[in-house]
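Below, each value reflects all heavy atoms present in this structure, side chains not excepted, and no hydrogens, waters or symmetry copies. Residue numbering restarts at 1 for every chain, and letters A, B, ... go by the order of the sequence lines.
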Protein chains: 2
Amino acid sequence: MGTSIDTLQELLFDLAGVLPADTAPLFAMTTMVSLETNETYIREGENSRRLAFIEQGVIRTYTIKENGDEATLLLRWEGQFIASHDTIINRQPSRFIYRALEPVKLLQIDYDVLEEILKTHPEYEPLRNFFLMKMLAESLKMLESFVTQSPEERYRELLSNRFDLVNRVPDKYIASMLGITPVSLSRIRKRMYTKRKTII
Amino acid sequence: MGTSIDTLQELLFDLAGVLPADTAPLFAMTTMVSLETNETYIREGENSRRLAFIEQGVIRTYTIKENGDEATLLLRWEGQFIASHDTIINRQPSRFIYRALEPVKLLQIDYDVLEEILKTHPEYEPLRNFFLMKMLAESLKMLESFVTQSPEERYRELLSNRFDLVNRVPDKYIASMLGITPVSLSRIRKRMYTKRKTII
DNA sequence: CCCCTAAATTATCTTTTGTTAACAGCGGAC
DNA sequence: GTCCGCTGTTAACAAAAGATAATTTAGGGG
């Protein structure tokens, strides 16, 4: 009886009116997974089609650039879904690595298994829909920030919206997610906390 | 009998085995819409929940920044879906404007109507799923380009992948979508076509 | 054909970022 | 405690981008 299951049962009831007692076929196919700090969840080139709900901890999704540098695409934490999007959407080996930045607990299901369940239990379909829409909304929000804001503005917004996250994650990953180098982020922080009048 | 309907019927058959003859309930609720060049499809603040499949033409999705400048989030063209994501996903008035850059023909459905249809015709559900996954894949691809590539690299990639698009759309919108100013894009082009040995 | 407008380029100057390397701070291993 | 490795900061210089304005280019309408 994990809190992830409780949360998802509640979500499923709110979305589709499915009673918790009727979710057994779904949760029977989920697995609770624990990851240590720095443990890799999904490797580069891996073909597993994993979808998971994070109960605790932070996972970093990153790729290795041609020059060997890492580029962080996403940071996901408790209460969010995480998915191997290359394998699930594009049906190709994952170009991304998913790694725990802290001890992580997540509730996992194989996407192929989920699809099978959905064939016989279409009442769970709203959950998949919710997950896709949520991911899409978040991606578009981030995309919007790249075309409307400067790196400094993106960092300021991250600070005001996700202060907890910024404090839990090393700056170099934050910088990478903002599309800049750690050196630049350090300079932005310096500008913010010295020159400027408005701290946040 | 529009070609959009043909395309979508084919898609629905491939995705879910639904025969074209069985798609009447869906397409009965769609409308063919024509837009002139520069005609606005969705206004800022609008609450309509429109989902459409573009049969011909290019639509630009942009927002007005605080300083009054425009920022182009997406360019969508024939064969792609377009959706008022603020109203559909976030259930809030659209912060974005959708405007035709060329004469546009699209097949439109109201998302609320689509949801009603899906309740009685769950066999169409894979189509919604396909649309969401497609949009998500594209958003993540763009996001990836922002964290892994420089503006020049993003432009080069756009040239090699979407040469047709670059030639149909004014540079200033391309620049905005790349997250830079038109002046910067002009300089990138100059650097590419003079200094460097590799043209593309 | 000329005029008008919008788009693109160019120029100048300022600001920011990238790159590289040195250095400080900190925590863990021993 | 000392050593080591990782993170973040700082410095110095090069490269790129932003802001602004002037100029050129391209197209459309009369």
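Atom CZ of B:Arg189 is separated from atom P of C:dT10 by 10 Å (rounded to the nearest Å). What separates CD of A:Glu153 from P of C:dT15 is a distance of 16 Å, to the nearest Å. Between A:Ile180 atom CD1 and D:dG8 atom P the separation is 13 Å, expressed in whole Å. Rounding to whole angstrom units, CZ of residue B:Arg191 and P of C:dG18 are separated by 14 Å. Spacing between atom NZ of A:Lys190 and atom P of C:dA24 amounts to 15 Å, rounded to whole angstrom units. Between the C1' atom of D:dA26 and the NZ atom of B:Lys172 lies a distance of 14 Å, rounded to the nearest Å. For A:Asn38 and D:dG5, the CG to C1' distance is 13 Å, given to the nearest whole Å. If you measure from atom OH of A:Tyr155 to atom C1' of D:dG8, you get 11 Å, rounded to the nearest angstrom.
Comment: B:Glu78 engages B:Arg168 in a salt bridge, judged by a side-chain N to carboxylate O separation of less than 4.0 angstrom. Comment: B:Glu116 engages B:Lys119 in a salt bridge, judged by a side-chain N to carboxylate O separation of less than 4.0 angstrom. A salt bridge does not link A:Arg91 to A:Asp86: none of the charged nitrogens lies less than 4.0 Å from a carboxylate oxygen. A salt bridge links B:Arg156 to B:Glu152: one of the charged nitrogens lies within less than 4.0 Å of a carboxylate oxygen.
Contact annotation: side chain of A:Arg187 to base of D:dG8, donor-acceptor pair absent below 3.5 Å.
Within the nucleic acid shown, B:Pro170 comes within 4.0 Å of sugar-phosphate atoms alone, with no base atom in reach, counting heavy atoms only. At the heavy-atom level, B:Thr181 lies under 4.0 Å from the strands shown only through sugar-phosphate atoms. B:Ser186 comes within 4.0 angstrom of a base, heavy atoms only.
Nearest-nucleotide positions on DNA chain D place B:Ile188 closer to the 5' end than the other of B:Ile188 and B:Val183.
By the neighbour-count criterion of 12 heavy atoms within 6.0 Å, atom CD of B:Gln92 is densely surrounded, having more than that number from other residues, nucleotides or ligands.
Distances from the side chain of B:Asp171 to the nucleotides C:dA8, D:dA11, C:dG18 place C:dA8 closest.
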